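Here's the structure, in structure tokens; my notes come after.
This one's a predicted model, so the numbers in the text were calculated from it and none came from an experiment.
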Amino acid sequence: MDFSSLRFCLGTMNDAKRSAVQMATGVDPLCLSVPSGISDQPMSEDETITGAINRAKTVLEALPEAQIGLGLEGGLMYDEHFTRQWYLISVCAAWNGQQLFFGKGLSFPIPNLAVQRIQQEKIELSTIIDEWSQTTHSNHRGGAYALLTDDRVRRADVFRDAVIAAITPFVSPYYRK
């Protein structure tokens, strides 16, 4: 599938998210930091999706030379039905001014200790991952995924899959039938 003829804009300057779009599309997106309109640490799937949609719509409005606005948002969600476990999720919203699609990356269980600290200390997961990995700005590189999997999965990989899922309907002939 060839995405290279499309012009994408991305509602963040985050290096891992920019890399995800590059890997998914083969092109470098226009990037602009725009607000998500949600909390710094989304704590539900709905909030995470809302943030991605807000970013996609806002960035396309700000950069009308692009054809598709992309909003990538990471967040946490709790599965109360099956596992009673918190999961890290990654969402991409794609908006062309008329149609909206979103895709999701890998859901990944998060250690309970991290979630307890997020809830008690009102901090972001990236703060904890930076502490645990003894680094800074891990969310611009491998993020929680890389630390927890010993670098087998990286943040850009997970967002790449979400981007592909969200933009496929814009190019695949099967969505036009």
Is it the case that Asp130 and Ser138 place a side-chain donor and acceptor less than 3.5 Å from each other?
yes
Take Leu113 and Trp132 through the side-chain contact (heavy atoms from CB on, under 4.5 Å) test and state the conclusion after the steps.
CA-CA 12 Å; Leu113 176 61; Trp132 289 358; 4.0 Å; yes
Residue pair Ala66 / Leu60: nearest heavy atoms and the distance that separates them
O-CD1, 3.5 Å
How far does CE of Met43 sit from CD1 of Ile38, to the nearest 0.5 angstrom?
12.0 Å
One thing to verify: whether Glu131 and Arg117 come together as a salt bridge, which I'm taking to mean a side-chain N less than 4.0 angstrom from a carboxylate O.
yes
Could you check whether Thr135 and Arg141, counting side-chain N and O atoms only, form a donor-acceptor pair closer than 3.5 Å?
yes
Value rounded to 0.5 Å, distance of NZ in Lys104 from CD1 in Ile89:
7.0 Å
State the OH-CZ distance between Tyr145 and Arg154, to the nearest 0.5 angstrom.
13.0 Å
Are the ring centres of Tyr87 and Phe108 closer than 6.0 Å?
no
Can you see which heavy atom on Ala94 is nearest to which on Ile167, and at what distance?
CB-CG2, 4.0 Å
Side chain to side chain, Ile110 and Leu76, heavy atoms closer than 4.5 Å
yes
Do Pro109 and Gln85 make a side-chain contact, defined as non-hydrogen atoms from C-beta onward lying under 4.5 Å apart?
yes
Quiz question: by atom type and distance under 3.5 Å, do the side chains of Asp2 and Ser4 form a donor-acceptor pair?
yes
Pair Thr168, Tyr174: side-chain N/O donor-acceptor within cut-off below 3.5 Å:
no
For Gln134, is the CD atom crowded, meaning more than 12 foreign heavy atoms sit under 6.0 Å from it?
no
Do Arg55 and Leu10 touch side chain to side chain, with heavy atoms closer than 4.5 Å?
no
Indicate the atoms forming the closest heavy-atom contact of Ala20 with Phe159, along with that distance.
CB-CB, 3.5 Å
Value rounded to 0.5 Å, distance of NZ in Lys17 from SG in Cys31
11.0 Å
With respect to Pro29, which candidate in Val21, Ile68, Leu63 satisfies the side-chain contact (heavy atoms from CB on, under 4.5 Å) definition?
Val21
To the nearest 0.5 Å, how far apart are OG in Ser90 and CD in Glu73?
9.5 Å
Decide side-chain contact (heavy atoms from CB on, under 4.5 Å) for Leu6 and Thr25; before the verdict, give the C-alpha distance in whole Å, the side-chain angles of both, and the deciding distance to 0.1 Å.
CA-CA 9 Å; Leu6 296 171; Thr25 66; over 6 Å; no
Taking Asp79 for its side chain and Thr83 for its backbone only, find out whether a donor-acceptor pair lies under 3.5 Å.
yes
When you check the gap from the basic side-chain N to the acidic O, do Asp157 and Arg160 get nearer than 4.0 Å?
yes
Return the orientation label for the Trp86 and Tyr78 ring planes: parallel under 30°, perpendicular over 60°, tilted otherwise.
tilted
Taking Ile129's backbone N and O only, do any of them form a donor-acceptor pair with Ser133's side chain (distance below 3.5 Å, no angle check)?
yes
Positive for side-chain contact (heavy atoms from CB on, under 4.5 Å) with Ser39, one of Lys122, Glu47, Glu124
Glu47
Applying side-chain contact (heavy atoms from CB on, under 4.5 Å), run through Leu30 and Glu65 and close with a yes or a no.
CA-CA 9 Å; Leu30 300 171; Glu65 63 272 26; 3.7 Å; yes
Closest heavy-atom pair and its distance - Ala24, Val163
CB-CG1, 3.6 Å
Examine distances only and state if a side-chain atom of Gln67 and a backbone atom of Arg7 form a donor-acceptor pair shorter than 3.5 Å.
yes
Short question: side chain of Ser19, backbone of Asp15 - any donor-acceptor pair under 3.5 Å?
no
Under a 3.5 Å cutoff, is there a donor and acceptor pairing between the side chains of Asn54 and Thr58?
no
Starting from the C-alpha separation in whole Å, work towards a yes-or-no answer on side-chain contact (heavy atoms from CB on, under 4.5 Å) for Thr12 and Val34.
CA-CA 6 Å; Thr12 184; Val34 299; over 6 Å; no
Hey, is Asp28 close enough to Arg18 for a salt bridge, meaning N to O under 4.0 Å?
yes
Separation between CZ of Phe3 and CZ of Phe170, rounded to the nearest 0.5 Å:
11.0 Å
Heavy-atom closest pair (Gly69 atom, Ala56 atom, distance to 0.1 Å) is O-CB, 3.5 Å
Where is the tightest heavy-atom contact between Gly103 and Ala166, given as atom of each residue plus distance?
N-CB, 3.6 Å
